[in-house]
Amino acid sequence: MKAMDAGTLTEPREGLHARPHIEVEVQQQSERQLPSRDVVFSIRDLSVYYGGFKAVRNVSLDIFQNQITALIGPSGCGKTTMIRCLNRMNDLIENARVDGEVLYHGVNLYDKRVDAVEVRRRIGMVFQRPNPFPKSIYDNITFGPKIAGFKGNMDELVEQSLQKAALWDEVKDRLKESAWSLSGGQQQRLCIARCVAVQPDVILMDEPCSALDPIATARVEDLMQDLKSEYSIVIVTHNMQQAARVSEMTAFFTAEVQEDQDRRTGVLVEYDKTEQIFTNPSDERTENYVTGRFG
Amino acid sequence: MTSGAIDIGALQGSPQRRRRESLILRAFQLAAALSVLISAGIVFSLLGEAIVFLSNVDLSQLFAGGWYPRRGEFGIATIVTGTMVVTLVGMVVAAPLGLAAAVYLSEYAKPRVRRTVKPILEILAGIPSVVIGFFALTWISPEVIQRFFNDASAFNMAAAGLGVGILVTPLVASVAEDALRSVPQALREASVGMGARKRTTTLQIVLPAAVSGIVAAFIIGMSRAIGETMVVAIAAGGTGGSAFTVDPTGPGQTMTAAMTALAVGSDQVRGTDGTFQSLFFVGLLLFFITLTLNILSERFVRRVRQKY
Ligand SMILES: Nc1ncnc2c1ncn2[C@@H]1O[C@H](COP(=O)(O)OP(=O)(O)OP(=O)(O)O)[C@@H](O)[C@H]1O
Ligand SMILES: [Mg+2]
């Protein structure tokens with residue numbers, strides 16, 4: 001078995017469809033035996049700093065292909081910080097610094113040779129608040145494919161992407177209208193469609209439903225189920241029912257005082273099958289959190 | 001007090017405080033009314049004097065081939081064109097330079113650099129225009145304009161225009177930078193998260209999103225350039241009036257410089273039947289041009305605000 005070498009991420013891609021096709025040795029969780037699955041991300045001893053402040057400390061976990069992985073935990077425990085490490089969005093924050101490794105199909109994303117732009121074309125992101133561009137619905141979808149040099153049928157791609165995001169029927173007659181004329185839930189699905197349009201390998205979602213009503217939330221959740229056959233999804237959520245409903249694996253983080261820090265640092269408490277986390281957690285802190293007895 | 005109904009007195013608050021608040025309100029209303037009154041007063045005095053001028057002058061002289069108040073020639077086209085030439089040259093400098101500086105500051109500069117450069121820009125915007133005027137006359141004219149155009153005169157509109165451009169660049173940069181910075185960070189993140197490079201994000205997302213603010217910056221710069229007096233009076237060389245010209249390498253007269261010449265009396269027209277009043281007529285014209293531009297830019301700025 002061979003891992004992807006850093007060159008794949010530094011050289012220009014031939015086309016959008018050049019998805020990494022790699023087999024990777026399956027890493028076993030040390031504590032509990034997990035069924036063999038392909039690993040997308042192998043996070044190794046990851047710590048993140050904002051200036052002198054250590055926001056997340058020594059996290060190690062494997063994220064699996066074609067599954068939904070949920071990151072849960074109390075506010076400020078570093079979920080956003082973690083998920084932004086997975087496609088190098090933290091590069092945008094002036095004083096953020098990352099220690100440790102994020103192996104993506106075996107390649108360390110923080111290798112000096114890796115171009116963050118290439119990383120983000122493979123690993124898309126949906127943000128907490130819908131952030132469509134102030135352009136038409138159509139142009140929102142085509143932005144990503146265009147900059148990635150997509151040469152195929154754009155109309156078809158737009159339709160496909162909107163179909164996948166369960167938005168097509170609602171907007172097919174108003175593709176030229178401003179994306180900002182859509183409702184919040186529609187905007188968020190548009191952001192998902194926009195992300196899907198570049199045909200990434202992984203979709204990262206940071207609290208994608210926090211600005212949505214229950215109906216829109218349900219639609220986005222259905223959507224995630226549809227998408228996971230083609231994509232691997234990592235989702236941050238505050239909503240524990242949501243984590244329980246949609247994800248296969250759940251990681252519980254919390255913030256704790258460390259000896260060498262005066263502010264609370266995020267740590268990974270437990271990572272396991274979602275069912276285990278919610279019904280039979282092995283750590284007391286997890287149990288307190290999922291049963292609502294936190295803090 | 002029983003549940004439900006309460007006495008209105010309980011919700012009225014202290015009568016003393018209410019009286020104080022209405023007093024403060026009245027003071028502010030007075031201040032606002034005063035500034036409106038002063039503006040209206042200015043317009044009316046301009047209007048009055050302009051009417052005196054128009055009723056005393058041979059109206060055909062407004063279309064004379066030059067601006068020579070001493071000879072009674074008031075070719076409005078001459079000074080309006082002069083203003084346009086100087087403004088155009090100025091904006092050719094200030095628009096790209098100001099925008100580039102704004103893009104650098106807002107998108108590329110490290111916060112520390114921005115924190116030091118932005119105040120410097122604002123100081124530059126406050127340089128007395130006399131200084132720039134002399135700089136235009138003694139350096140830009142011989143070292144730049146006459147070097148490229150051998151037969152350019154020492155006093156020329158191009159040098160004045162470049163000087164005006166230098167003068168308004170910081171203003172354009174500052175306003176455009178505000179417009180770029182008001183583009184929500186979420187849009188940049190969305191773009192970068194799609195795998196866009198910095199350049200692509202700036203050109204295709206940030207600039208289009210800020211376009212109305214940038215246009216407003218240009219308009220504000222333009223109205224400042226049109227209103228600029230000192231640089232033109234010193235470097236453009238229209239002291240004794242000017243023939244109609246569109247040639248930037250030659251001397252010319254702008255509306256503002258014409259007014260200065262009239263006001264300081266270098267044209268020695270004081271008192272002669274309404275000639276002095278032409279000053280007010282030009283002033284009124286200038287007032288309406290800048291007013292229009294400012295209303296336009298206000299519109300654009302408001303469009304930016306509504307969007308986010
Ligand atoms: N740009 C930043 N600069 C400095 N500190 C930051 C920055 N972003 C986050 N932090 C700090 O890092 C810690 C983790 O923040 P993070 O946003 O990752 O938490 P979170 O788990 O996503 O919280 P929430 O559930 O409220 O979104 C917090 O203490 C926060 O104050
Ligand atoms: Mg967060």
Given side chains that start at C-beta, do those of A:Lys135 and B:Ile205 come closer than 4.5 Å, heavy atoms only?
yes

Restricting to non-hydrogen atoms, name the atom on A:Phe127 and the atom on B:Ala190 that form the minimum distance, rounded to 0.1 Å.
CE1-CA, 3.9 Å

Could you look at A:Phe133 and say if it's the side chain, the backbone, both or neither that has a heavy atom under 4.5 Å from chain B?
both

Residues from residues 91-105 of chain B approaching chain A under 4.5 Å (heavy atoms):
none

Could you measure the distance from the CE atom of B:Met194 to the CZ atom of A:Arg194? Nearest 0.5 Å is fine.
6.0 Å

With rounding to the nearest 0.5 angstrom, report the CG to CZ distance, A:Leu92 to B:Arg188.
9.5 Å

Does any heavy atom of chain B fall under 4.5 Å from the side chain of A:Arg84, the backbone, both, or neither of them?
side chain

Relative to chain B, which segment of A:Leu204 carries a heavy atom at a distance below 4.5 Å: side chain, backbone, both, or neither?
neither

Run the numbers on B:Arg197 and A:Asp115 for side-chain contact (heavy atoms from CB on, under 4.5 Å), then give the verdict.
CA-CA 10 Å; B:Arg197 290 187 188 281; A:Asp115 180 356; 2.9 Å; yes

Is the shortest side-chain heavy-atom distance between A:Pro134 and B:Leu187 below 4.5 Å?
yes

Under 4.5 Å, heavy atom to heavy atom, which residues of residues 109-117 of chain B contact chain A?
B:Lys110, B:Pro111

